[in-house]
J.: 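Can you keep this structure in mind? I'll have questions shortly.
Here the structure is a predicted model, which means the values were calculated and not measured.
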Amino acid sequence: MTMTSSDIRRTFLDYFARQGHQIVPSASLIPGNDATLLFTNAGMVPFKDVFLGQDPRPYSRATSAQRCVRAGGKHNDLENVGYTARHHTFFEMLGNFSFGDYFKKEAIDYAWQFLTAELKLPAEKLLVTVYESDNEAYELWTQHIGVPAERVIRIGDNKGAAYASDNFWSMGDTGPCGPCTEVFYDHGAEIWGGPPGSPEEDGDRFIEIWNIVFMQFNRHADGRMEPLPKPSVDTGMGLERIAAIMQGVHSNYETDTFQALIKAAAGVTGATDLSNKSLRVIADHIRSCAFLVIDGVQPSNEGRGYVLRRIIRRAVRHGNQLGARGAFFYKLVAALVEQMGEAYPELQARQAVIEKLLRIEEEQFGKTLQRGLSMLEDALQQVTDKVLPGDLVFRLYDTYGFPVDLTNDVARERGYQVDLDGFEAEMQQQRQRAQQASQFGTDYNQQLSSKQVTDFTGYQHDTGNATVVEIIRNGEACQQLADGEEALIILDQTPFYAESGGQMGDTGHLVADDGGVFAVTDTIKVGKAHGHKGTLKGSLQLGQKINAQIDERRRQAIRQNHSATHLVHAALRQVVGEHVTQKGSLVGPDRFRFDFSHFEAVTAAELQQVEQLVNQHIQANHPVQTELMDLESAKAAGAMALFGERYDEAVRVLTMSPFSVELCGGTHVTQTGDIGLFKIVAEGGIAAGVRRIEAVTGMQALHWVHQLEQQAHQVATLLKGDLMSIAERVQQAQDRSRVLEKDMEQLKQKIASQAGASLLDQVQIIADTKVLITELPQVESKALRGILDELKNKLGSGVLLLATVNDGKISLIAGVTKDLTDKVHAGKLVAWAASQVGGKGGGRPDMAQAGGTDSAALPTMLQGATEQVKLQLTS
């Protein structure tokens, strides 16, 4: 029986579990431990700090099916997706890992046994590559496993430098690295291509299915290769590739998962040819989009959100090419849930959220498309040489997501050409900018940290005795401090909370046993130590005993605000929707801000509900309980974890009744009633798909209410009313203001009309044509259009150029009656006029507007304009 993709995934994990590996669930697509990556793009990324020795785990063997995305930054397969057999934006990487446990022999054994015994692949269809100098791996394959020598290929440094090889892997320019060995599957002689290392290696006959990396060196910045004390193993096998082999097909798009999604895409677009590459694109893109949304990414114009937006728009464009009308892409989420919901339950749990976000983005793109078309129409009217500039085509594509082929179609219909070379030049510059933005240099052997470990006692105490274990002054360790010096003090234990998780660091004093006082202005983390920043009054030396005293009133205000953020998070998820996830916070003593994912403005009614819900749980005076437990147990208990956040295996779970259960290492109140009053003071968007709530608690909330009340009293006094009649009095004032504004506008129009009528005396006759070129003093710019239309009606036939100056800014408008547009172009006339007064502009042949800044040049321009019109009339 043919194995499905789900069967293969399950078989792989079960096999390695039997070999003593811990099954680790797929991590988020947002790397929590690598700021150099846009997305998790390989199975080892979630284990990166484990390999570096910075993240100890209770197991030394692991296996996972890790979801990955390659669609931005250094690893970007987007342009190839749908047009090759094996490129995807989203894929699953099956992997097994050893953290200083087993090494080459066992890793090669596991790979070969799984492929030949579990999957029953014919041994004669497999061939192997090894790093040229890795004799150990070569002998294991040829002598231990028994692969014929002619099917084990040595690959040397084929990329122009030492250790620059397809078979030598590095975590970065520095850090863990080592040789790798790869297993290839031979699809048969009927398919073009040669074995790895041959001139035909880019063909599709021999396909890599398994890569085993032997991390055995630590590369230093000077090039030294130091053997690692605990060599490790990182392997990866693409699920989509092995599924194609197991299902007897050559293209990943012919496998069960993709065929189901392709049929669903055909159903919502109306396509009938299931081999159409646009259907492949859509089937691939729904996977990456859905899983990115699950992991908290929302469409925006930068970073990860920009990549998601590009993928969505690419899918929508391909749907439109197939004939889809209206929003269709979001309808594929149901088909994806059916295919992958069992392996990833979160897909089904958040199906409605994914569908809503994709639908909103599709609809917005439809509007964007219309704006792009309007911009294109205006641009075509201004082009004089029948060639649309490449930078404009790029701007339409980059800013509006306007497809180049659509720009080409519209231009061709109008008899224009598109400067595709110029467009490609702009695109190349963008690619270079993207590559530069994705190049990060990190020396893993040089990370700022202290060797000390501080015991934090602040959960239980606000003061405590301690010993000075390190003094850092101007970045250098020293033995003692003198009066007035600034430094960073590290203690063996401290009640001072170090800034992390959005909570500000504590302030206070370190009082030495000899009377010296170190005023702490901030507390930060330095490795696993707490660094107390501040200034000394007196003297202090290494090893001295001190008494640490935090600012208790400030700490209590921070506690109130931090506990309130947890209640706000829970309330938002209940009122707005479970798609809400925390995107950041800043918790201080005066107020707090809470950033969260949401794709539209929170309504006033929803904010009121959130506020009421939080205050209800404050009044309920729930006990605030904390408990240490392992990460998986915490998640099973319902504790919320932040996507992309890195957690230790032992985590602190904060519970405020079943309403709020989260992982948090901050300081909190003991009862929710200690928070006092909670008041939202602001809400708004800070980025596409991210909103921010600002709020106050306790005495600060009461102070905010008192200030608001005082302002309301002042407004009531000004309106000659009381607090209860403010709204009515404001409405009356607004109604009266509207009446006065309307009367004023009518009066201005009347004056402008009279001024326009008097201008007829200034009409000139040039080449048998009525021409009016003049400045209108004391006329608002927005009145120019009405005056122009009235004058054109009165002239019947003619050319007009009017100017007015307001606050030093020049407004220009040109008008040409229909019978003369073949001789005089209003857009060109106003463009020339604007260029003479420090501005620019243009428009249609019959009417155009522009502006300028050089009012001193206006008289000269008006004189020259007469000659310009004369030239156009007589040419």
J.: Between CG of D595 and CG of L586, what distance do you get to the nearest 0.5 Å?
T.: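 If we round to the nearest 0.5 Å, D595:CG and L586:CG are 9.0 Å apart.
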J.: Please determine which of D492, I546, L491 meets the side chain to side chain contact (heavy atoms under 4.5 Å, CB included) test together with T467.
T.: D492
J.: Can you tell me how far CD1 of I693 sits from OG1 of T565, rounded to the nearest 0.5 angstrom?
T.: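 Reported value, rounded in 0.5 Å steps: 11.5 Å.
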J.: So do the side chains of N465 and N547 get within less than 4.5 Å of each other, counting heavy atoms only?
T.: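 Of all side-chain heavy-atom pairs linking N547 with N465, at least one is under 4.5 Å.
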J.: Check R559 with D674, please: is the shortest side-chain N to carboxylate O separation under 4.0 Å?
T.: no
J.: Side chains of V24 and Y59: does their closest heavy-atom pair fall under 4.5 Å?
T.: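 Yes; the side chains approach each other to less than 4.5 Å.
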J.: Under a 4.0 Å N-O cut-off, is there an ion pair linking E578 with R350?
T.: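 R350 and E578: not salt-bridged.
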J.: For residues I354 and L347, determine if any side-chain heavy atom of one lies less than 4.5 Å from a side-chain heavy atom of the other.
T.: yes
J.: Measuring only between side-chain heavy atoms, which start at C-beta, is I294 closer than 4.5 Å to Y344?
T.: no
J.: Flag the pair P589 / M504 as yes when at least one side-chain heavy-atom distance between them is below 4.5 Å, and no otherwise.
T.: yes
J.: Mind listing the closest non-hydrogen atom pair of I23 and P25 along with its distance?
T.: O-CD, 3.9 Å
J.: Taking all non-hydrogen atoms of both residues, which atom of Q66 and which atom of P46 are closest, and how far apart?
T.: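 Result for this residue pair: OE1-CG, 3.5 Å.
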J.: Which heavy atom of E606 sits nearest a heavy atom of A601, and at what distance?
T.: OE1-O, 4.4 Å
J.: When rounded to the nearest 0.5 angstrom, what distance separates CD in Q616 from CG in L567?
T.: 11.5 Å
J.: Salt bridge (charged side-chain N to carboxylate O under 4.0 Å, His left out) between R67 and E346: does it pass, once the steps are laid out?
T.: CA-CA 13 Å; R67 53 183 189 259; E346 59 269 38; 3.1 Å; yes
J.: Can a donor-acceptor pair be found, under 3.5 Å and without considering hydrogens, that links the side chain of S563 to the backbone of V669?
T.: yes
J.: Are the side chain of D522 and the backbone N or O of K533 linked by a donor-acceptor pair below 3.5 Å?
T.: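 No: the side chain of D522 does not pair with the backbone of K533.
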J.: Does S597 use its side chain to pair, donor to acceptor, with the backbone of V690 at less than 3.5 Å?
T.: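 It does not hold such a pair.
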J.: Between D295 (side chain only) and V297 (backbone N and O only), is there a donor and an acceptor less than 3.5 Å apart?
T.: no
J.: Write down the atom of N615, the atom of G676, and the distance for their closest heavy-atom approach.
T.: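 Scanning both residues, the minimum pair turns out to be OD1-O, 4.3 Å.
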J.: Could you report the tightest heavy-atom contact between C478 and R473, atom names first, then the distance?
T.: CB-NH2, 3.7 Å
J.: CD of Q544 to CZ of F518: how many Å apart, nearest 0.5 Å?
T.: 12.5 Å
J.: Name the residue from H566, E694, K583, Q582 that meets the side chain to side chain contact (heavy atoms under 4.5 Å, CB included) definition with F594.
T.: Q582
J.: Should we say atom CD of Q731 is surrounded by more than 12 heavy atoms from elsewhere, each under 6.0 Å from it?
T.: yes
J.: Grab the two heavy atoms, one from P31 and one from R304, that are nearest each other, plus how far apart they are.
T.: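 Result for this residue pair: CD-NH2, 3.8 Å.
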J.: Just checking Q671: does its CD atom have more than 12 heavy atoms from other residues, nucleotides or ligands closer to it than 6.0 angstrom?
T.: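 Yes, the 6.0 Å shell around CD holds more than 12 heavy atoms from other groups.
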J.: Decide side-chain contact (heavy atoms from CB on, under 4.5 Å) for H562 and C664; before the verdict, give the C-alpha distance in whole Å, the side-chain angles of both, and the deciding distance to 0.1 Å.
T.: CA-CA 10 Å; H562 199 159; C664 184; 3.4 Å; yes
J.: Is the number of heavy atoms from other residues, nucleotides or ligands under 6.0 Å of Q460 CD greater than 12?
T.: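 Correct, the count exceeds 12.
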J.: Would E627 and T655 count as having a side-chain donor-acceptor pair, cut-off 3.5 Å?
T.: no
J.: So, taking the atom named CD in Q452 and the one named CD1 in I472, what distance separates them when rounded to the nearest 0.5 Å?
T.: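 Going from the CD atom of Q452 to the CD1 atom of I472 covers 9.0 Å.
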J.: So, are K679 and E611 salt-bridged, with charged N and O less than 4.0 Å apart?
T.: yes
J.: Starting at CD of E600, measure out to CG of L357 and round the result to the nearest 0.5 Å.
T.: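 These two atoms lie 10.0 Å from each other.
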J.: Does Q348, at its CD atom, have more than 12 non-hydrogen atoms belonging to other residues, nucleotides or ligands within less than 6.0 Å?
T.: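 Not more than 12 within 6.0 Å, no.
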J.: Below 4.5 Å, heavy atoms only, C-beta onward: do Q541 and V468 meet side chain to side chain?
T.: no
J.: Hey, mind stepping through Q707 and H703 against side-chain contact (heavy atoms from CB on, under 4.5 Å) and telling me if it holds?
T.: CA-CA 6 Å; Q707 284 186 314; H703 177 62; 3.6 Å; yes
J.: A side-chain contact here means heavy atoms from C-beta on lying under 4.5 Å apart; do Q364 and R309 qualify?
T.: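 The answer is yes; the side chains approach within 4.5 Å.
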J.: Only one of H461, H530, H532, H509 passes ring-ring contact (aromatic ring centres under 6.0 Å, His included) with F496; say which it is.
T.: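 By the ring-ring contact (aromatic ring centres under 6.0 Å, His included) criterion, F496 pairs with just one of H461, H530, H532, H509: H532.
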J.: I want to check something: taking the side chain as every heavy atom from C-beta on, are F596 and V576 in contact at a cut-off of under 4.5 Å?
T.: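 Not touching, per the 4.5 Å side-chain cut-off.
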J.: Over 60° means perpendicular and under 30° means parallel, so tell me whether F592 and F678 are parallel, tilted or perpendicular.
T.: parallel
